[in-house]
Asker: 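Below is one structure. I have some questions about it.
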2 protein chains.
Amino acid sequence: MKRDSRLSGVLHVLLHMAEHRAPMTSEQLAKAMQTHPVVIRRILGGLRDGGFVHSEKGHGGGWTIARDLTAITMRDVYDAIGRPSLMAMGNRTEAPGCLVEQAVNAALDTSFQEAEALLLARFGDVTLAQLAADFHARMAARSLSPTTQEHIHG
Amino acid sequence: MKRDSRLSGVLHVLLHMAEHRAPMTSEQLAKAMQTHPVVIRRILGGLRDGGFVHSEKGHGGGWTIARDLTAITMRDVYDAIGRPSLMAMGNRTEAPGCLVEQAVNAALDTSFQEAEALLLARFGDVTLAQLAADFHARMAARSLSPTTQEHIHG
DNA sequence: TTTCTCGCACTATTTGAAGTTACATGAAAC
DNA sequence: GTTTCATGTAACTTCAAATAGTGCGAGAAA
């Protein structure tokens, strides 16, 4: 089963934006993410509606982060992209008449719900500021002159 | 993201087999699962290799459960079908050069690993015998004459 | 008024699971 | 032994969902 990488992608984009002071265009972000500008606009669209980022048209326009990084958790981002399902598995039939299947579904659902709850709680614990700090730590570890290092792909 | 229903499907098949004393053919099971016999053979193939079910060719052949239901957990079944990924989300790039992405991956991985561990532990707690008991309880709840009830689909 | 940028509807492509066919293998019935 | 029933497995074919891409409209700055 193929895994959804949207959450990973959005977080990545947000941190790149955070490193930039000026607005970044969809095209710049697309280059960093090795994808298409429209894809960037799509995933950032949800975040704009949630008030986490701001977009501006025309010359000098682009995307900026609208809140302090300490005020955005991974959970917020997850919610903003539409709460895609976290579990890769589901039930064969959602409302089965077969009692055997009902028993199976009940057992699986219990486990999945527990795991989802744990995951969401963990997401709520991590802010973008923490991720940015981790990034800076990695930067410092890689080189003693981080300002001359390239953190954009390629 | 579409969810994998193989685990749900296999458990369903196994419980139907358990209700039957005699071997069940792929065709019978396929009818109960509303699918194709070859699909049944495919999903049961892994369980056969794991020693959980036995298959016999020719007249009177078919599939039987090879162990006591108390000795098979959902975790065993999960392992037998090849441990498909449990989480619907993954990282955009597995071994990124981008330090931003490394920081994101690290944070997500931690959460996902915790959730997976919890899920697997829960799977290990549930035996097929428990699922069968739950099924019988549902059967009793639906009707006072369970032996005349049809538990097969349709 | 030209250029740059996002917004959005629409189309195209890719991908992976599920379904299907075909045929070989083995076991019991007759 | 030959027929029938059943699994084993390797293709091949759909089919649906996710993603990528195109085209054009709208708004803002140069």
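Reminder, nothing fancy here: chain letters follow the sequence lines and each chain counts from 1.
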Asker: Are B/His16 and B/His12 an aromatic pair by the rule of ring centers under 6.0 Å?
Answerer: yes
Asker: So how far is it from B/Leu119 CG to A/Leu118 CG, rounded to the nearest 0.5 Å?
Answerer: 10.0 Å
Asker: Going by the salt bridge (charged side-chain N to carboxylate O under 4.0 Å, His left out) test, which pairs reach into residues 69-82 of chain B, not counting sequence neighbours?
Answerer: B/Arg75-B/Asp79, B/Asp79-B/Arg83
Asker: Of all heavy-atom pairs between B/Ser85 and A/Arg3, which one has the smallest distance, and what is that distance?
Answerer: OG-CD, 3.9 Å
Asker: Nearest whole angstrom, please: distance from the P of D/dC5 to the CG of B/Leu29.
Answerer: 18 Å
Asker: Does anything in residues 41-52 of chain B pair up under side chain to side chain donor-acceptor pair (under 3.5 Å), and if so which pairs, sequence neighbours excluded?
Answerer: B/Ser26-B/Arg41
Asker: In B/S/- notation, 5' to 3', how is nucleotides 21-30 of chain D contacted by protein heavy atoms closer than 4.0 Å?
Answerer: BB---BBBBS
Asker: Whole-Å distance between D/dC5 C1' and B/Gln28 CD?
Answerer: 12 Å
Asker: Taking only N/O atoms, report every protein-nucleotides 12-14 of chain C pair under 3.5 Å with atom names and distance.
Answerer:
none

Asker: Taking atom P of C/dG16 as reference, at what distance in whole Å does atom NZ of B/Lys2 sit?
Answerer: 13 Å
Asker: In residues 43-50 of chain A, which ones come under 4.0 Å of DNA chain C, going by heavy atoms?
Answerer: A/Arg48
Asker: List the steps, then state whether side chain to side chain contact (heavy atoms under 4.5 Å, CB included) holds for B/Val10 with B/Tyr78.
Answerer: CA-CA 9 Å; B/Val10 177; B/Tyr78 169 75; over 6 Å; no
Asker: Is it true that B/His136 and B/Glu19 share a donor-acceptor pair across their side chains at a distance under 3.5 Å?
Answerer: yes
Asker: Grab the CG-P distance between A/Asp4 and C/dT15 for me, whole Å please.
Answerer: 16 Å
Asker: In whole angstroms, how far is the P atom of D/dC5 from the CE atom of B/Met24?
Answerer: 18 Å
Asker: Just to verify, what does B/Glu114 make a salt bridge (charged side-chain N to carboxylate O under 4.0 Å, His left out) with, not counting sequence neighbours?
Answerer: A/Arg122
Asker: Between B/Glu27 (CD) and D/dT4 (C1'), how many Å, whole number?
Answerer: 14 Å
Asker: Report yes if at least one side-chain N or O of A/Thr25 is closer than 4.0 Å to OP1 or OP2 of C/dC4; otherwise report no.
Answerer: no
Asker: Taking CE from B/Met17 and P from D/dT7, how many angstroms apart are they, rounded to a whole number?
Answerer: 11 Å
Asker: One pair to check against side chain to side chain contact (heavy atoms under 4.5 Å, CB included): A/Met74 and A/Leu131. What are the steps and the verdict?
Answerer: CA-CA 10 Å; A/Met74 298 206 306; A/Leu131 294 181; 4.2 Å; yes
Asker: Looking at B/Ser55, I'd like to know whether one of its side-chain N or O atoms comes within less than 4.0 Å of OP1 or OP2 on D/dA6.
Answerer: no
Asker: Apply side chain to side chain contact (heavy atoms under 4.5 Å, CB included) to A/Met33 and B/Arg92, showing your working.
Answerer: CA-CA 9 Å; A/Met33 303 275 300; B/Arg92 247 171 34 87; 3.6 Å; yes
Asker: Expressed as a whole number of angstroms, how long is the span from B/His54:NE2 to D/dA6:P?
Answerer: 15 Å
Asker: Can you give me the closest heavy-atom contact between B/Gly124 and B/Thr73, atom names plus distance?
Answerer: O-CG2, 3.4 Å
